[in-house]
Amino acid sequence: MNGQPKAPFYVALFLVVAGLLAFAAYRSDILAPKGNIQQPPGGGAIDPNVLGQTAEDKDSGSVTTVKEYTFKPMERLPDVKGTSAYKPLQDNTVRFALNVWAGWGPIILANEGFKPGKVWKTAKGEDFKVELVLIDNPVAMRDAYAAGEVHIGWATLDMVPLFMEGFVDKSGQPRDSRIMPRIYQQIDWSNGGDGIVARESIKTVGDLRGKKVILAQNSPSHYFLLNMLVSGGVQPSEVNMTFTEDAFQAAAAFNAQKDAAAAVSWAPDIYNLAAVKGNRMLVTTQTANKLIADVWFARADFAKDHAAKLEAIARGIFDSMEELKKDEQKAKCAKLMADGYNIPASETIKMFGDAHNTNWAENFQFFLNQNNPTNFERVWTQAYYLYRRIGVITHQPVSFDKVMDFSVIESLGKDPKYRAQKDEYEVHLAPKAVSQIHAESDEILTNTIVIQFFPNSWDLYKKINKDENGQVTEVLYDPNVDNVLNEVAKLAGQFGAARIIVEGHTDSSRRGQIPDALVKELSLNRANAVREALVNKFKMDPNRFAAAGMGWDVPADPNDPENQAKNRRVEIKVYSAEKQ
């Protein structure tokens, strides 16, 4: 056709347009390599095969279980969503809630997995089944328990007072008596599964004062931190607590936010974080090994109707604890846990070290030994004290004996098989001098106590004559001494795998008038008096304790050394048994 361009024109036009598009793409970085790629040494062309490539792969690994986290404001647990009678047993099956935790190994092994397949028997031969229901979120578990969807709930004992906020009114009276918990059995003590990892500059708990600590609130992590702070003489209000949804997010936030001084989390994150340069492990439940106790509890209405089943479950758990001492049973249990928790068996087998399962003898100590400094009553009372102190519990405390039911432990004690068991969670240490402990171990915290000693005496129970209304009576010089010793024993009991130095200090009011050696001897005698009282009254291992007489050499406040009231004191220093 006349007047139309020939083929060469279209070819030339195509080349011009293609060139312009290529130039535009180049200028807009569509095809430009990402990042700065340097010219080869001495100049020259860049090999097109390396465009857009990097020398190393992106880091796909992480020292924490999760990478993402969000912070949340401090709050009490949300209200219970609803209560009702428990759901009838389908196929005579008890629904037992649990979470992802090593301590539940015995019930998982005893039940041969999570599904209700095995037939259990009561003492009288009644058949029933157990279904293990995985509910990892404690609030979701509490609501399922209150609604009657599960018959048995899980918790650490310190968490149960938090649940009670939704179960009782302001006066501590039940809102619905059917859901009040009956705690029958301690499953374990956390044994290294919980801990505080800190920056290298944080040497003791006292160093957390004024610092930012990340943790999950209303959880075992929260209770663990509050105990450590109070034991170390730090007010909770002196620490900037920043909360995440769970302990794994706390670890991730600590790893990302370098202004955080510490985080409270769980294994394996705490150990992975502690291995990072610039971090250190401050303390774990391997040292504070009698602080966090896992328990199970039944609804009051269910307990009334099915007491024989509850005893049978406790018996099966205790028997399974003995079976788990065998390697082949531990391997079997790890496989069952892996199937139920949906994590590899190679990981579940490692979890066993995070908890110490408590046999019948240890449950007896926990429920029925009133002199045990880490018994049920003391843990319960401490949890209420700490949580009411920070305002997350507002109701009047419920007495421990309203929820603790020792009937199963007492009943099983009639069986020689259980009665013959021994406490297997006693840590035996070789005796060490104060200088050795200082050289070989890290101090965790210092707890200051005040015992009013009679002048020039180290008798804790020194009596004096007191004139009252014309009558002379004999009274203790310090009537509060037993309360003080109980507090020290509780601290020493919680740190069941730690070394403890008892330091005696005196005031300096007579400096220059008497020899220094005499004052140090008096302070050493007072420290030894406290040490011996702990060993004798509470049956503690004497090798864990060392006494030191400091005299007047170390005033309580270096900025106010003449404050003699502060200087007359005893300090309890807790050290890790070995460096972690």
Side-chain angles (χ1 to χ4, degrees), residues 230-231 233 368-382 384-385 388-389 396-397 399-401 446-494 500-511 513-515 517-540 542 545 547-552 554-557 560 562-573:
V230 171
S231 297
L368 293 168
N369 183 356
Q370 295 181 13
N371 287 327
N372 177 6
T374 54
N375 64 14
F376 187 112
E377 178 183 3
R378 287 182 169 89
V379 174
W380 182 262
T381 303
Q382 180 78 345
Y384 259 110
Y385 166 72
R388 280 174 58 82
R389 183 170 174 175
Q396 286 299 309
S399 176
F400 79 97
D401 56 5
T446 296
N447 185 286
T448 301
I449 64 172
V450 176
I451 294 176
Q452 303 295 336
F453 287 99
F454 189 78
N456 302 308
S457 170
W458 54 89
D459 183 357
L460 294 171
Y461 296 98
K462 177 74 175 179
K463 292 185 177 180
I464 59 171
N465 292 327
K466 187 175 182 179
D467 191 336
E468 294 181 344
N469 300 322
Q471 288 189 336
V472 177
T473 57
E474 195 175 50
V475 298
L476 285 172
Y477 184 71
D478 184 354
N480 198 42
V481 64
D482 275 332
N483 291 332
V484 174
L485 288 176
N486 282 335
E487 287 302 308
V488 177
K490 182 171 66 177
L491 174 66
Q494 290 172 343
I500 295 175
I501 296 177
V502 184
E503 287 185 353
H505 298 260
T506 65
D507 66 39
S508 57
S509 59
R510 301 197 66 191
R511 187 187 294 273
Q513 302 175 44
I514 56 175
L518 186 63
V519 175
K520 286 201 172 184
E521 181 181 3
L522 175 61
S523 63
L524 177 60
N525 287 339
R526 288 175 172 174
N528 270 319
V530 173
R531 173 185 177 275
E532 290 170 9
L534 295 173
V535 170
N536 295 332
K537 182 177 180 180
F538 297 97
K539 310 303 178 188
M540 293 184 170
F545 298 87
M550 309 304 291
W552 50 45
V554 186
D557 184 354
D560 188 15
E562 299 306 314
N563 190 329
Q564 308 301 6
K566 282 187 177 181
N567 293 335
R568 292 188 294 271
R569 70 196 191 279
V570 174
E571 290 189 348
I572 310 299
K573 293 183 178 289

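Please read these numbers as outputs of a predicted model, since none were measured by experiment. What you see below is based on every heavy atom in this structure, not just the backbone, and it leaves out hydrogens, waters and symmetry mates. Just so you know, residue 1 is the first one in the sequence shown, and it goes up from there.
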Distance (rounded to the nearest 0.5 Å) between F454 CZ and K463 NZ: 14.5 Å
Less than 4.5 Å apart, any side-chain heavy atom of V570 and any of I572? yes
Hey, does D482 have a side-chain heavy atom less than 4.5 Å from the side chain of L476? no
Looking only at heavy atoms, what is the nearest atom pair of G551 and V519, with distance? CA-CG1, 3.7 Å
Evaluate the criterion side chain to side chain contact (heavy atoms under 4.5 Å, CB included) for residue pair N375 and N369; output intermediate values, then yes/no. CA-CA 7 Å; N375 64 14; N369 183 356; 5.8 Å; no
Check whether any side-chain heavy atom of Y461 sits under 4.5 Å from a side-chain heavy atom of V481, and report yes or no. yes
Q471 CD: over 12 foreign heavy atoms closer than 6.0 Å: no
Under 3.5 Å, side chain of S523 to main-chain N/O of M550, donor-acceptor pair present? yes
In Å and rounded to the nearest 0.5 Å, what is the CD1 to NZ distance from I500 to K573? 13.0 Å
Over 12 non-hydrogen atoms of neighbours within 6.0 angstrom of CG in N456: no
Distance (rounded to the nearest 0.5 Å) between T374 OG1 and N372 CG: 4.0 Å
Would you say R378's side chain and Q370's backbone share a donor-acceptor pair under 3.5 angstrom? yes
Counting only heavy atoms from other residues, nucleotides and ligands, does the tally under 6.0 Å from CH2 of W552 exceed 12? yes
So with a 6.0 Å cut-off around NZ of K537, is the heavy-atom count from everything else above 12? yes
If only atom types and distance count, is the side chain of D478 paired as donor or acceptor with the main-chain N or O of I451 below 3.5 Å? no
Does the pair F453 and L460 meet the rule for a side chain to side chain contact (heavy atoms under 4.5 Å, CB included), with working shown? CA-CA 7 Å; F453 287 99; L460 294 171; 3.6 Å; yes
Report yes if the side chains of N486 and F538 come closer than 4.5 Å at any heavy-atom pair, otherwise no. yes
Out of curiosity, K520 NZ to H505 NE2, how far, rounded to the nearest 0.5 Å? 11.0 Å
Is there a side chain to side chain contact (heavy atoms under 4.5 Å, CB included) between T446 and E503? Walk through the geometry before answering. CA-CA 10 Å; T446 296; E503 287 185 353; over 6 Å; no
In terms of heavy-atom contacts, A489 and P373 come closest through O-CB, 3.3 Å
Donor-acceptor pair, distance only, cut-off 3.5 Å: does the side chain of R569 make one with the backbone of N567? yes
Using modelled atom types only, decide if a donor and an acceptor are shared between the side chain of R526 and the backbone of G549 within a distance under 3.5 Å. no
Work out which heavy atom in N447 is nearest to a heavy atom in I449; give both atom names and the distance. OD1-CG2, 3.4 Å
Would you call the rings of F376 and W380 parallel, tilted or perpendicular, where under 30° means parallel and over 60° means perpendicular? parallel
Non-hydrogen atoms of Q494 and S231 that approach each other most closely: OE1-OG, 4.4 Å
Separation between CZ (R531) and CG (N536), nearest 0.5 Å, reads 9.0 Å
Please tell me whether S399 and D401 have a donor and an acceptor in their side chains that are separated by less than 3.5 angstrom. yes
Distance only, no hydrogens: is a donor on one side chain within 3.5 Å (strictly under) of an acceptor on the other, for T473 and K466? no
Of all heavy-atom pairs linking Y477 and P455, the shortest is OH-CD, 4.0 Å
Which atom names give the shortest non-hydrogen contact between N528 and A547, and what distance separates them? OD1-CB, 3.2 Å
